[in-house]
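Data block below; observations after.
All ligand and atom numbering here is 1-based and tracks the order in the structure.
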Amino acid sequence: MAVATVRPGAARPPQPSLARGLVILGSTGSIGVNTLKVVALHPGRFRVVALTGNTQVERLYEQCQQFQPELAAMMDERAAEELERKLRAAGSGVRVVAGIPGLCEAALLPSAQIVMAAIVGAAGLAPTLGAVRAGRRVLLANKESLVMLGTLMMDEAAKFSAEILPIDSEHNAVFQCLPTGTRLLESCGVRRILLTCSGGPFRTWTLPQIEGATPDEACAHPNWRMGRKISVDSATLMNKGLEVIEACHLFRATADMVDVVIHPQSVVHSLVEYRDGSMLAQLGNPDMRTPIAHALGWPERIDSGVAGLDLAAIGRFDFEQPDSDRFPCLALAYGACRRGGTAPAVLNAANEIAVEAFLAGQIGFTTIARVIESVLSSVPVEDSISVETVLQYDAMARTEARELVAHKGKRVS
Ligand code: NAD
Ligand code: MG
């Protein structure tokens, strides 16, 4: 297929006037790829203006060929150089940039109205905050930016009139179950938010079995196909813990207003309980294209490519309480959420290091929680939040967690 050559400064080919400019931060990941699948169903509605990746040159190259953005950013400098060489060789004029400044340039592209924030981890912080400050519609998948910087992120969104629409399936479900324009939960008669949780691949495993779990077993999520880091988080239930913190910020709720219930079928994506005893739920097949399409089109409903549910085939829905003995990460996250300040950032950073070490075979599965608990008790908490403070505490937590990991969890087991 011939590639349109769009040189910086040169006139762009005519675009459909109603097409909304879309930046996808983390386009090579699971959420990014699903976003492009939804976008491909709607030619003329969205115009992809920037795509970003970390090191996956081949995938970003193919995406550039298919969607012809103005800009492609790679975190890794050498990957960026290789991408640029390949694009030039193919006659493409897509501009390539690198590093955090490159990601931020993509996030702030003036031709974008919508930014999908789907970088995994703390690396997504600066570009996501940039998009918020630029007043964009931000489709927020990067939960870490809310966990680390939630208060600031929501305050800045209000200040710069940015719209934050949740992509995480649970929060997207809650958003769908709340009246449009909800600002204060209490004034809408909301009693509590109930986040559902599949329970992960080890829901029925005994503690000794969980202790011997391998990275591949932890990544074999029963219902969702996701990146490896978030898959491990689902297995430890830390993902749900991060989601409790995320929900508190997004919906301005206290931790006491957010509960978690295990629902192994992953069909009820979350619920809102109202003062009169009503519970509203959002249901659907476990496929991220549904929340992505919901947020891309909002307030309109657009096709996602996902079929409706066959309720008779599903037959039954089960619900159970989470087990805090086998899955201590959930309680650690509630603790950090209630403590506030930099505590959630420390929790998140310690978790990232511990999960990385587990995936690399350096520590066992149950050591993940021990590392986090130990880091939380040794790193102090600062109450006032700024990007600088949060990054400073993030770095302290990482150093501490790395040290624990280097001792193969001996000091924490
Ligand atoms: P993934 O690992 O599949 O993709 C991550 C993306 O981020 C890739 O494009 C990768 O290139 C990029 N990236 C990774 N490290 C980077 C770095 N240091 N600098 C710049 N870019 C980097 O992850 P995912 O499953 O798509 O998840 C993305 C985000 O969405 C995460 O925050 C995750 O918690 C959240 N989320 C994902 C799902 C899901 O179903 N996949 C559901 C809810 C929320
Ligand atoms: Mg989720």
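- The shortest N/O to N/O separation between Gly53 and ligand 1 does not fall below 3.5 Å.
- From the protein, the heavy atom lying nearest to atom 21 (N) of ligand 1 is Ile119 CG2, 3.6 Å.
- Looking at Thr52 next to ligand 1, no N or O pair under 3.5 Å apart turns up.
- The nearest protein atom to atom 25 (O) of ligand 1, hydrogens excluded, is given as Gly227 N, 3.2 Å; this is a heavy-atom distance.
- On a distance-only criterion, Gly29 and ligand 1 share at least one N/O pair closer than 3.5 Å.
- For Asp168, no nitrogen or oxygen atom sits less than 3.5 Å from a nitrogen or oxygen atom of ligand 1, counting backbone and side chain alike.
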* Would Thr206 and Gln209 count as a side chain to side chain donor-acceptor pair (under 3.5 Å) if you check the C-alpha gap in whole Å, the side-chain angles of each, and the deciding distance to 0.1 Å? -> CA-CA 5 Å; Thr206 62; Gln209 286 175 316; 3.3 Å; yes
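- A donor-acceptor pair under 3.5 Å is absent between the side-chain atoms of Gln362 and the main chain of Val405, judged by distance alone.
- Of all protein heavy atoms, the one closest to atom 6 (C) of ligand 1 is Ala118 O, 3.6 Å.
- The distance criterion of under 3.5 Å between nitrogen or oxygen atoms is met by Ile31 with respect to ligand 1.
- For the pair Asn285 (side chain) and Val306 (backbone), a donor-acceptor distance under 3.5 Å is absent.
- In terms of polar-atom proximity, defined here as any N/O pair under 3.5 Å, Ser30 does make such a contact with ligand 1.
- No other N/O/S atom of Asp168 lies as close to the Mg ion (ligand 2) as OD1 does.
- Considering each of Glu170, Gln63, Glu144, the one bringing a non-hydrogen atom nearest atom 32 (O) of ligand 1 is Glu144.
- In this structure, the side chain of Ser234 engages the main chain of Ile230 through a donor-acceptor pair within 3.5 Å.
- Heavy atoms of Leu103 found under 4.0 angstrom from ligand 1 belong exclusively to the side chain.
- A donor-acceptor pair under 3.5 Å links the side-chain atoms of Glu217 to the main chain of Thr214, judged by distance alone.
- Residue Thr55 has no nitrogen or oxygen atom sitting less than 3.5 Å from a nitrogen or oxygen atom of ligand 1, judged on distance alone.
- Close to ligand 1: Met288, with a non-hydrogen atom less than 4.0 angstrom away.
- Under the 4.0 angstrom criterion for non-hydrogen atoms, Gly32 is not in contact with ligand 1.
- At the Mg ion (ligand 2), the angle from OE1 in Glu170 to OE2 in Glu243 is 100° when rounded to 10°.
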